[in-house]
Every structure is written in structure tokens, then in C-alpha cells.
J.: 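Quick one: this structure, given as C-alpha cells, is what I'll be asking you about.
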Amino acid sequence: VIAVAARRRVFDAKVAMLRRSHVAEFRRLQSNERLDPEAVGELTRSGALAIARYAFAASPFYRERFAAAGFSSSDLDDPGVLTNLPITEKADLRENYERVQTAEATPRNAIPQATGGSTGQPLRVMHDLRSQSHLLSWRMYQWWGVHPADAQALLWRPFNTPGTWRARGQALFAWPARTLRLNANHLDEPDMVAFLEQWERARPRLLTGYVGAVLELGRFLQESGRPITSPVAISVTAAPVTAAQKAFLHEVFGAPVFECYQCMEMPMIAGECGEGDGLHAFSDRRWLEILDDNGSPAAPGETGSVVLTDLRNRAFPLIRYRLGDRASWKTDGCRCGRPFPVLNPIGGRISDNLHLPSGLTVAGESMVSLFNAWPDAVRQFQLVQHVDQSLTLRCVRGSDPRADQIMSDVVDRLVGIVGGEVPVRLEVVEAIAHDRGKSRFILREEAGPPLDLPGQAASSSPSTSRNRPAATS
Ligand SMILES: [Zn+2]
């Protein structure tokens, strides 16, 4: 306990000394929590108008869009116009990557990001480094009793190769916090055992990861009967988590599970507070709308399409951007009394893990990044695991002239990730169908019911272990 307190003090002192602007922004974020809902609504509207005015002046894409819709810059002083501004679709970003950027999109201010878009439709955006989105996660951690200096365990795909300057920079920024990592692309018994041994030395207070990967580790704990020092909180992201899965994780890890909503286009959109009763939209920094099929605001409880505006990205403005997720507002808010509007758990994304004959598991959600280095190579892709465990990578060819070579290289990479255990086929198709309105980015063909999600199987019948191969051969 003393070590935890000392580490927090060292970290706070370091941030106060090196990052004055972060301290100021964090104080603002904390004071926003104490505003009333009307005042937060006013912050959202004034922030949205400010970024819309800026985009009209500085982004060729938005100037043309807004002008074509009949808006002049003086119209953008009236909050009433906000809900009439045109919607930005994924295809708009894909086709206008350069024209969305403003003069502030310099290497010093902004960093390009490629994304699978959570639905297997690659596109490029830019993050504004000045928006300090990590402070939104720090505020959320506080809701859970976690401090940014606390040790964390992370189940994610590999990023920032150790030894690179970027990795060193991040480690320095995080010091003296420690992050244990487990590669979500390679979940087998030796790696999980080694990770759990590190865990007992570092005793992380927060476990963060893809739902699929955290469930896999939970199942391993349950089956092996290994004891574990409980964290304070578990944070899952990327795919929805069911109530049964949450209960299962709470039981095996001994800590509550909190959902966090984010995407590569816009980090930190919403997150649960300690009450764990819906996700608070971070509406002091993002404007989140839920629209019905006519484009009108959905009534509380009514499911609609998520449309987002980043109030802080001046390098690559995202204004009324349709993310492709479906969500609904909670009808009865949250007991905690924080002034941010509350969402029901997010639906719409479905992902499943890949399971290989040796028992190796690959977290499906991490596969969404397969084409990140070549976002123009495919318009959409989907990974299918057949009953015999072999894989098919389905792609809709994109505009990159080297698309065929890149698709074939990605197949080779996949063969490497699955350790050559099963064949990987490439199938170039014209379109990829949605499954009952849900984007299914990993599709596992199974003899069982099609919506047999991991965790439901684990909590209802522990004998149907997913990290062992099905008896097919
Ligand atoms: Zn709350």
C-alpha cells in the first residue's frame, strides 16, 4: 500500500513539473464533473459551434460541405443550426483524407492513425496531440479508484515495438507506472502462465483488454484453478460484453467490470462510473448524438445510429461523424449524479476469437488492425473461421494500385500469427453482407447457434472449453 501511495506521489510531482498544461486541463475536467447537466450541455454546444466555425474556415472539405448545404460562417454562431449540419460518413473521410485536414495538421500537432474502423472498413484519420485525450481516461480511472500511476495489465495486440524511440518515450511518460502486457494475438498456456507470474509480482490494480482476450484469460484461470491477486477494476473495450460475461469475469478476477467506449477515430467517448450502470458520454469534450432512421434525435431508450463530434480535434476535424455503431440513451440516468448523459451498453459490434488446433487463441478484436499500414488496399474485410478451423480472409479490393500484393502479404502475416497451424485462403469479393444489421468482422462458422458468444458458453457449461480444439479431426 505504501509503495502504491509513493508511486502516485512521484507520478503526480513529475506531471506537475513537466506537463503544466496537462494539470490545468485535468483540473478543468474534474471541475466539469461538478457542473449541472444544463451547464455541461452548454459546454457541448459552444464547443461544437466553435469547432464547426473553425472547420468552415480552415478545412476545405467542411467549407465545401457546409456551403453546399446552404450555411454561411455567420450561421455557425447559432446553436440551433448544429443538428442541421451535414453528416460525415466513413466514405467521406476515406475519399477526402487530405481535404479534411486544416493548416494545423502539422507533424508537431497531429499524428496520422489508420483504423479498421471497428467494422473491417479501413480508413485514415489524424489525432490532434493537443487534445490530451488520455486525461479523459485518467478522470474515468478515478471513478474506479485507479490512479494513472498504478500498475496496469494490458491484453492487447502488440504495438510500439520495444526499443523504438516511440516505445521509450511512452515508457518515460508513464514512469513510474508499470504496464504488464500479454499479446492478445497469442494466447496460449505458456504465455498466460508467464504473464500471471509477472502479475503476482506487480499486482496490477487495473486490467484492460479486448473483451475476447480478457474472457480467454478468465477461462484459463477458472480451468487451472490458479489463485490471482484481484485488481481494483477491469476495463473492457472493442466489443460489447454481456451481463453473463461480466458476472463471470467479476467472479474469476474478483473485481467489477467497467465498459469503456472508444474507437480509433476518436479516443475516449464514454465510460462507466463506479456504479457500473450505463456509460457516461464525455460530453465536455465530445458531442455524442443518437439519431433515428430519419436523422432526428432518438428518444431515450430508442436505439439509433451513433454520430460524434470531437470538440478538440482542430487538425482533422470530425464533425457529425457517423461511426457505424448503434446505441441508446438510458431512460433513468445514473445514481452517481455526474452531469454527463448516460448511454445503455453499446451493441452492434460482434467479434469472436480464433481458436487453433494446438489450443492457441487469437483475440478476434485485435485482427481489425490487419490492414492499418495500407488503409487504401481494401474497402472492407472480414475474417471467417470455418468448422475445420481453416481461415478465409474476405476482402473488397480498394484503390491502392498494389492492393493484390498487399492482400497476399496480409495473408502471409496471418499465416504467421496462426503459426501455420491452419490454411488461410484469400477471397476477393464485391461486397460483404451484414448479419442482421450487425457488423460481424470475425465470423466463426460453427455447428452451434450462430450467436453463441464466448463467455455465455463458459458460464453456462464449463465443459465446453474454447481453448481446446473442437473434435473435428
Ligand atoms: Zn454514474
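Since the model is a prediction, treat every value here as computed from it, not as a measurement. Order of listing sets the numbers, starting from 1, for every ligand and every atom in it.
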J.: What protein N/O/S atoms sit under 2.8 Å from the Zn ion (ligand 1), by chain and number?
T.: C273 SG, H280 NE2, C334 SG, C336 SG
J.: Please name all residues satisfying side-chain hydrogen bond (donor to acceptor under 3.5 Å, both in side chains) with Q152, sequence neighbours left out, ordered by chain then number.
T.: none
J.: Does anything in residues 31-51 form a ring pair (Phe, Tyr, Trp, His ring centres under 6.0 Å)? List the pairs, not counting sequence neighbours.
T.: none
J.: Check side chain to side chain contact (heavy atoms under 4.5 Å, CB included) between A184 and all other residues, then give those that pass, not counting sequence neighbours.
T.: Y210, A213, A363
J.: Check whether any side-chain heavy atom of R226 sits under 4.5 Å from a side-chain heavy atom of F220, and report yes or no.
T.: yes
J.: In terms of heavy-atom contacts, does CZ of R27 have more than 12 from other residues, nucleotides or ligands at under 6.0 Å?
T.: no
J.: Please check if the side chain of S283 supplies one atom and the backbone of F340 the other of a donor-acceptor pair under 3.5 Å.
T.: no
